Amino acid sequence: MPPLESRMRIAFYAPLKPPTHATPSGDRRVARLLLQALQIAGHAPRLASDFRSFDATGDALRQELLRAQGAVIANALLKQWRNGPAAERPELWFTYHLYYKAPDWLGPPVSAALGIPYVLAEASYAPKRAGGAWAIGHEATRSAIAAAALVLCPTRDDLACVRQVAAEHARVEQLAPFLDPAVYQIAALARASHRLALAAAQGLDSAVPWLLVPAMMRFGDKLASYRMLAETLRALAAVPWQLVVAGDGPARAEVEQLLAGAAPGRVRYLGLCAEDVMARLYAACDMCIWPAVNEAYGMAMLEAQAAGLPVVSCAVRGVPDVVCHGQTGLLAAPGDTRGLADNTRFLQQDAPRRAAMGQAAAQFVEQQRSTTQAAHQLNLAFATLPARTPMALAKGAAV
């Protein structure tokens, strides 16, 4: 907990999807976890706006309209804070997850007008998008990163591109993916009872390992991962296991067709599950398996480890920042189905090794990937920021 004088009122914003959005997603989940970590750190974060700047199709006219709408909202926020009590004005602006499809039209102008630090978490910059269908959003993202005093990247994979465009004086640091491990730790304490309940409900054989797949069924990268999973399972046909799939989505028919051919009679579908149900599933199963095609980092794999479950995946993008190869799980090369199968077979046949990795996984999350640890890192990072001097507000500046 920081001393009283270092606690800040923070304007929080997520241009892709606000934490209040009705549809569950990993993006919404991480936004909520960041808010929780900021609160644990002793600060007072408030959602500045639920404005979504997302353009899915590369429509230049829509991007121009979103930019204009963003300017109106930014001016309204400034007017609200200018006319309101000084004690309610933010002392720091914090934007989570901006990229070329969802740029931040609010944070940079408002921060400049208020004279407060502009902070980014999970800012993605892709040079190949310059001049393309999202050129407007790409340039806005480049400008936002250049305006930031602090950029927090979830993986080592993100650092290099962000550093290319960050200001010379700015700090670019890693804030690894994190979560609140409490619900998963509690579930792990009752592993035996959760395993009995799942076996009875789904007709599972407790004598063989249960492989858990915690993933939504969407077209694109998710379906590609399920396709790779099916190929992996075919290579494991001769060894005993059963597959538990927790997830749903528009590509469910395609997923079921893939797995029916690869694992006939071995699959149980549980659909979309709430967090507490997922915690019990993680605790009941023996390992988590997910190919992670083009996965940013994989929050579900972090959840699995929090419950004491080792993970089998691929060393794609930010996955090595979530799974420690050889300690909390095993990572194959990207796209390597044979490697995935070999790693799964190794853990399937070695129960003591599975247990040791599961224990190490739970300790890793508690000690290095918890909301408490993230709160500590945030305060260390905030301590490097320049003094808050909202002089522009006093002069009545507008966007």
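For clarity, every value in this text was computed on a predicted model and none was experimentally measured.
Using modelled atom types, no side-chain atom of D350 and backbone atom of F346 make a donor-acceptor pair closer than 3.5 Å. With hydrogens and angles disregarded, a donor-acceptor distance shorter than 3.5 Å links the side chain of S193 to the backbone of A190. In this structure, W134 contributes its side chain and D59 its backbone to no donor-acceptor pair below 3.5 Å. No donor-acceptor pair under 3.5 Å is formed between the side chain of E122 and the backbone N or O of Y96. The closest donor-acceptor contact from the side chain of S111 to the backbone of P108 lies at 3.5 Å or more, if one exists at all.
A salt bridge links D286 with R191: at least one charged nitrogen is closer than 4.0 Å to a carboxylate oxygen. A salt bridge is absent between R280 and E275: the closest approach of a Lys/Arg side-chain nitrogen to an acidic carboxylate oxygen does not fall below 4.0 angstrom. Ionic pairing of R252 and E256 is present here: one or more N-O contacts between side-chain nitrogen and carboxylate oxygen are shorter than 4.0 angstrom. We find that K101 and D55 are not joined by a salt bridge, their nearest charged nitrogen and carboxylate oxygen being 4.0 Å or further apart. Salt bridge absent: E231 and R234 never bring a charged side-chain N and a carboxylate O closer than 4.0 Å. Under 4.0 Å is where a charged nitrogen must lie from a carboxylate oxygen, and between D27 and R32 no such pair does.
Below 30°, between 30° and 60°, or above 60°: for Y226 and W290 the angle between ring planes is above 60°, a perpendicular geometry. Ring geometry for F94 against F12 counts as parallel: the plane angle stays under 30°, on a 0 to 90° scale with 60° as the upper cut.
Among L302, V365, T372, the single residue meeting the side chain to side chain contact (heavy atoms under 4.5 Å, CB included) criterion with P181 is V365.
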Show me the donor-acceptor pairs, under 3.5 Å and distance only, between side chains in residues 237-245 and residues at least two apart or in other chains.
| unit_1 | atom_1 | unit_2 | atom_2 | d |
| --- | --- | --- | --- | --- |
| W241 | NE1 | L236 | O | 2.8 |
| W241 | NE1 | V239 | O | 3.3 |
| Q242 | OE1 | D205 | N | 2.7 |

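Under the 4.5 Å side-chain criterion, counting only non-hydrogen atoms from C-beta, L35 is in contact with P19.
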